[in-house]
Undergrad: 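Encoded as structure tokens, here's the structure I'll be asking about.
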Amino acid sequence: MTYPFPFSAIVGQNPMKQAMILTAIDPGIGGVLVFGDRGTGKSTAVRALAALLPPITQVEGCPVNSASLEACPDWAEIAKPDIVERPTPVVDLPLGATEDRVVGALDIERALTRGEKAFEPGLLARANRGYLYIDEVNLLEDHIVDLLLDVAQSGENVVEREGLSIRHPARFVLVGSGNPEEGELRPQLLDRFGLSVEVASPNDIGDRVEVIRRRDAFDADRMAFLTRWQGEEERTRNRILAARDLVRTVKASDKILRDCAELCIALGSDGLRGELTLLRAARALAAYRGHGRVTRKHLRDVAPLALSHRLRRDPLDEAGSGARVARIVGSVLG
Amino acid sequence: MSEGRDIWVRAHLALACLAVDPAGLGGMVIRARPGPARDALVAALDRIGLPIRRIHPTIGDDQLFGGVDIAATLSSGRVMRSRGLLADRQVIVLSMAERAESGLAARLAQHMDGDPGSCLILLDEGAEPDEQVAPALPERLAFHIDLDGVSLADLKAPALPGPKTARHIHVPDDALTALTVLAARFGIDSLRAPLLALRCARAHAAVQGRRGISAEDISAAAALVYPSRATLIPEAPQETEPDAPDPSPAEDQRADTEQSDNLPSGEMLIEAVKALLPADLLDRLKAKAKNRNATGSGAGEKRKGNRRGRPLPPRPGRLDGRARIDLVATLRAAAPWQPLRRKTQPDAPGLIIRASDLRMRRFEEKSDRLLIFTVDASGSSAISRLNEAKGAVEILLAQAYARRDHVALVAFRGTSAEVLLPPTRSLVQTKRRLAALPGGGGTPLAAGLKQAAELAAISKTKGLTPTVVVMTDGRANIALDGSADRPRANADSETLANSIRAQNIQGLMIDTSNRPQPALQGLASVLDAPYLPLPRADAQRVSEAVSDALSAV
């Protein structure tokens with residue numbers, strides 16, 4: 001087994017790390033979109049996060065990683081309820097993946113060799129209860145992205161093709177990354193991601209050197225490096241676990257709800273997804289920090305993550321969307 | 001030493017480094033047309049000491065990563081799986097890498113990230129600057145060798161010591177700093193570059209049989225890894241500026257790193273790398289900037305695919321996970337052979353289908369048209385015609401929706417032009433933007449044409465077929481640089497019209513002035529575009545005229 005780079009050892013990139021931790025606390029926030037140049041640690045962070053998360057228990061051999069035998073879909077034909085523990089699944093979706101590979105399709109080999117009609121689960125099944133990572137999401141074909149976002153939203157994959165009629169749970173956190181210079185994402189799709197982060201290479205030479213130093217140390221002796229960061233990883237993991245328990249009880253007052261709505265109106269974001277995500281993310285952040293109720297401070301911290309990709313593009317505004325959100329957050333929340 | 005010899009020696013040095021740490025360094029891009037130099041270098045790949053496997057850009061996923069072997073499965077009657085080509089530790093040579101689709105590049109990149117212990121050699125045969133390997137791959141490979149300029153006389157393998165392990169080579173902290181600073185000075189944002197350079201320095205030290213990294217290793221690594229990635233040429237430092245990137249001597253050095261005291265200064269390194277920057281760096285940067293919005297899947301009026309569009313006759317093929325089987329054609333191909341095959345396999349159940357019977361579906365897709373409305377919103381236009389133009393665009397948009405055309409909107413006024421609406425099919429968005437379009441100011445026709453031409457070029461790379469529709473009253477009075485200079489404004493517009501025509505972009509010129517302008521007619525002929533004088537036209541008539549003209553072209 002290969003060990004990924006430890007999450008805590010990633011230098012800087014705090015917004016990205018924060019966004020990923022928030023989705024680990026409350027997967028209902030929706031996906032994370034990471035936009036940035038190559039070599040800024042996007043994929044490293046995703047893989048690292050999966051290793052950081054506590055393992056899941058699942059029925060052995062279940063194609064959709066079900067937690068109990070009752071939850072296994074009947075087409076999987078699983079008889080023995082052997083429960084095993086395994087790391088949170090992180091499934092990579094390659095760019096050229098076809099619809100069949102993603103949603104699953106008729107099992108051609110069984111059809112041809114045994115004349116049976118069977119379902120071959122796709123990547124969505126494997127990603128259930130875990131993460132689905134798409135590198136270069138802006139280059140992915142539109143119909144696949146549509147499909148993914150649809151499934152991510154509903155938590156269920158419905159397959160109606162080639163005479164098959166099958167549905168299975170597919171609850172996963174979608175993490176997309178891409179380089180905006182190579183193509184934009186349609187606004188409809190942007191809106192479906194819960195949080196968005198723009199990452200850049202650190203500008204500070206000291207930080208850059210630190211990145212290289214840590215990576216080099218990791219390559220030279222993985223086990224030693226992992227041992228050195230184990231404590232930190234453990235701390236973050238425990239905080240996430242504690243926050244998962246706490247997040248259900250975090251309260252948000254009417255005043256905070258009002259603030260959310262006012263922010264979204266001031267930013268002119270379409271639809272109500274902005275408000276909902278903002279609130280959920282603020283709640284998760286409050287839980288992560290161990291607070292029992294959402295305050296304006298939390299809102300202020302998550303607003304750029306939750307809202308910057310929901311702005312209408314204004315050709316007359318030169319500043320980036322992050323700056324616009326910061327400006328409006330400043331004027332609304334004071 | 002001649003320049004060609006230099007390149008050749010550097011290529012061999014890179015190979016020697018690769019032999020030390022094939023997985024860590026990732027591999028090499030060899031950009032060259034087929035020829036003796038490339039053949040000699042490919043033959044020298046043996047030095048890496050791993051088995052060599054050649055693959056091609058159209059290779060299927062199940063061949064690469066393993067999957068069901070359809071042919072064997074069919075003939076044996078039970079599931080046969082094939083091992084993917086990438087399963088072993090090896091040197092993967094991808095020929096014609098510039099033709100690899102971004103999907104394949106992404107999967108290979110993912111495979112490399114998974115640390116399989118293999119290294120990848122890309123043979124890039126691109127002849128034009130815009131024929132480039134999908135950037136995800138070169139990014140992960142340490143070396144980039146362009147064999148252009150290597151002559152037969154240069155092809156003598158330089159003597160280099162054999163590979164050794166690089167495991168125990170100590171890297172002083174200041175070497176690490178020096179490499180990182182240098183990458184930043186050359187505008188290399190990706191942090192993979194300094195990491196690769198660091199590994200390269202280590203490998204280089206191993207090649208030279210040293211136990212610690214010396215100045216020579218650092219400069220060799222920088223020279224091998226950085227030149228192809230540079231995005232800017234560092235400026236000479238001012239005299240007053242303290243030599244910031246100079247690595248300060250570390251305080252507590254261990255015994256075996258005393259060489260690091262004489263690490264080269266930042267400036268020396270910069271000069272060394274600068275000398276190796278490709279001569280056409282600036283052009284390449286420009287080409288890159290131009291291709292930035294390309295999705296990599298190629299352009300063209302017609303595209304063949306297996307997903308949508310008009311069906312083409314089915315073709316024999318392999319089930320590689322991407323192609324779709326044409327069941328009827330497959331059965332038809334298999335049917336005549338059944339009696340013969342039955343004789344050889346009397347017990348086989350059902351139809352006997354061989355791999356050669358499989359037929360794949362293919363479709364041909366016509367690329368969509370993009371109408372780029374370039375609307376004059378200057379003061380002279382605004383008085384009378386802007387509303388008609390807006391109305392006409394809206395009507396055309398409704399038609400475009402029915403014809404599945406895309407629409408983009410460029411407006412020019414004051415001193416500049418801007419893309420108000422990137423290519424879209426959304427009626428609502430366009431209407432919103434159009435309604436908000438203010439009028440007034442000068443007529444920077446040239447700027448508008450420039451913006452439209454850029455948009456057209458971008459959309460072409462995305463596979464759209466652009467048509468530029470210019471609506472103006474023709475009194476161009478602002479030059480490209482924003483100065484109010486009527487003759488220059490006209491000259492600039494003409495130059496741009498020429499370049500649009502040279503790009504083979506269709507055009508349509510609509511003159512909305514009260515009296516038809518001869519200057520515009522001239523411009524239309526430069527554009528090779530139909531010219532429509534429409535004095536006192538209302539929105540309906542403009543749109544009728546445009547749709548007539550468009551169906552004519």
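Naming convention: chains lettered A, B, ... in sequence-line order (proteins, then strands); numbering from 1 in each chain.
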Undergrad: Less than 6.0 angstrom separating the ring centers of F225(A) and F218(A), yes or no?
TA: yes
Undergrad: Please state whether the side chain, the backbone, both or neither of I188(B) comes within less than 4.5 Å of a heavy atom of chain A.
TA: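 Just the backbone, heavy atoms under 4.5 Å.
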Undergrad: Non-hydrogen atoms of chain B under 4.5 Å away: do they reach the side chain of I134(A), the backbone, both or neither?
TA: neither
Undergrad: Donor-acceptor pair, distance only, cut-off 3.5 Å: does the side chain of R199(B) make one with the backbone of G24(B)?
TA: yes
Undergrad: For R192(B), give me all partners under side-chain hydrogen bond (donor to acceptor under 3.5 Å, both in side chains), at least two apart in sequence or on another chain.
TA: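 R192(B) satisfies side-chain hydrogen bond (donor to acceptor under 3.5 Å, both in side chains) with E139(B) only.
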Undergrad: Which residues pass the salt bridge (Lys or Arg N to Asp or Glu O under 4.0 Å) test with R126(A), not counting sequence neighbours?
TA: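 R126(A) satisfies salt bridge (Lys or Arg N to Asp or Glu O under 4.0 Å) with no residue once adjacent residues are dropped.
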Undergrad: If I measure from the heavy atoms of chain A, does L195(B) come under 4.5 Å with its side chain, its backbone, both, or neither?
TA: both
